[in-house]
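Remarks on the structure that follows.
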Amino acid sequence: MADPSDLPSSDLPSGELRSTDLRSDAARNRARIVEAARELFRARGIDVPMSTIARRAGVGVATLFRRFPSREALMAEVFAEQRAHCEALLEDAVADPDAWNGFRRLLELMCAEQLEDRGFTEAFLSSFATDHQHQREAAESAFHTLVRRAQDSGRLRRDFAVSDLIMLVLANNGLRTAPPEHAHDLSRRLVDYLLQAFGTDGGAPLPPASTLGLVDHLTSGSGTRRAAAGARPGPRAS
């Protein structure tokens with residue numbers, strides 16, 4: 001059955017709903033969808049079927065797709081605030097007069113955020129991969145500036161590569177399976193271990209860095225690949 005808030009006024013019985021009621025119902029539906037998606041992405045990651053999100057929100061799948069024509073559009077809405085926060089972290093890191101401190105804090109905060117929300121890292125990175133080119137290049141340039149400044153300060157080893165950041169994210173991601181009461185302590189210890197290894201007193205030269213680039217990683221997983229493509233999935237069992 002169609003949601004009345006999705007029907008044009010010509011399809012509604014005369015006087016059944018005022019236009020303001022329709023707009024209010026549509027706004028409530030949108031809010032319910034976003035909140036349901038936020039809860040499910042946080043608990044289960046971004047591969048949650050759209051039909052499951054619709055059921056959690058108490059709306060039909062057709063209503064969900066009228067509001068958000070793709071998973072990518074829904075993710076952008078759900079994670080807008082967190083993404084802005086993550087971009088601010090990068091800006092603050094680059095602006096820190098102590099380049100090594102900025103680099104260290106960025107990695108620590110990213111990894112802490114990753115454990116808090118199962119879907120955030122994938123959603124942020126996949127939306128980053130599908131941004132307009134100039135936005136993506138600006139973020140990449142900011143991170144390379146941060147790395148270069150930390151290396152010029154003498155604190156970050158010269159053979160640090162962008163793929164080392166991806167390695168850290170992937171390694172930290174595995175700690176989400178640890179008991180919740182231990183996950184953050186384990187993450188902080190892992191990050192500190194790796195930060196010591198990233199330092200200039202880290203010891204012998206490393207094997208060659210991986211050729212895995214940022215965008216390569218973002219589009220490698222099934223969930224991020226769908227999100228990057230903006231594909232509309234068919235019905236799936238929850």
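Numbering starts at 1 and runs along the sequence shown. Note that the structure is predicted; figures quoted are calculated from it, not measured.
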Side chain proximity check, R38 to V34, heavy atoms < 4.5 angstrom: yes

Test item: I53 and L74 side chains (from C-beta on) under 4.5 Å apart, heavy atoms: yes

Which atom of R67 lies closest to which atom of A26, heavy atoms considered: NH2-CB, 3.3 Å

Shortest non-hydrogen separation from L107 to L195 and the atoms involved: CD2-CD2, 4.0 Å

Presence of salt bridge, R30 and E77, under 4.0 angstrom: yes

Nearest non-hydrogen partners of R71 and I46, listed with the distance: NH1-O, 2.5 Å

Heavy-atom side-chain proximity of R32 to N29 below 4.5 angstrom: yes

Inter-residue atom distance L190.CG - L168.CG, 0.5 Å rounding: 6.5 Å

Any Q114 side-chain heavy atom under 4.5 Å of N173 side chain: yes

Non-hydrogen atoms of A93 and R149 that approach each other most closely: O-NH1, 4.2 Å

T52 vs R55 side-chain heavy atoms within contact, under 4.5 Å: yes

Shortest non-hydrogen separation from A99 to L146 and the atoms involved: O-CD1, 4.0 Å

Pair E108 + R105, salt bridge at N-O below 4.0 Å: yes

Heavy-atom side-chain contact between E91 and V94 under 4.5 Å: no

Rounded distance [0.5 Å steps], CG in L40 versus CD in E35: 10.0 Å

Nearest-0.5 Å distance, CG of residue L175 to SG of residue C111: 9.0 Å

Test side-chain hydrogen bond (donor to acceptor under 3.5 Å, both in side chains) applied to D96 - qualifying residues, sequence neighbours left out: N101

Non-hydrogen side-chain atoms of H184 and R188 separated by less than 4.5 Å: yes

Value rounded to 0.5 Å, distance of CG in L186 from CG in N172: 10.0 Å

Spacing of CG belonging to D152 relative to CH2 belonging to W100, to within rounding of 0.5 Å: 14.0 Å

Within-4.5 Å side-chain heavy-atom neighbours: F198 and R104: no

Geometric class of the F103/F160 ring pair [parallel <30°, tilted 30-60°, perpendicular >60°]: perpendicular

Nearest non-hydrogen partners of T63 and I33, listed with the distance: O-CD1, 4.4 Å

Nearest-0.5 Å distance that lies between atom OG in S187 and atom CZ in R176: 11.0 Å

Heavy-atom donor-acceptor pair, D164 side chain to A161 backbone, under 3.5 Å: yes

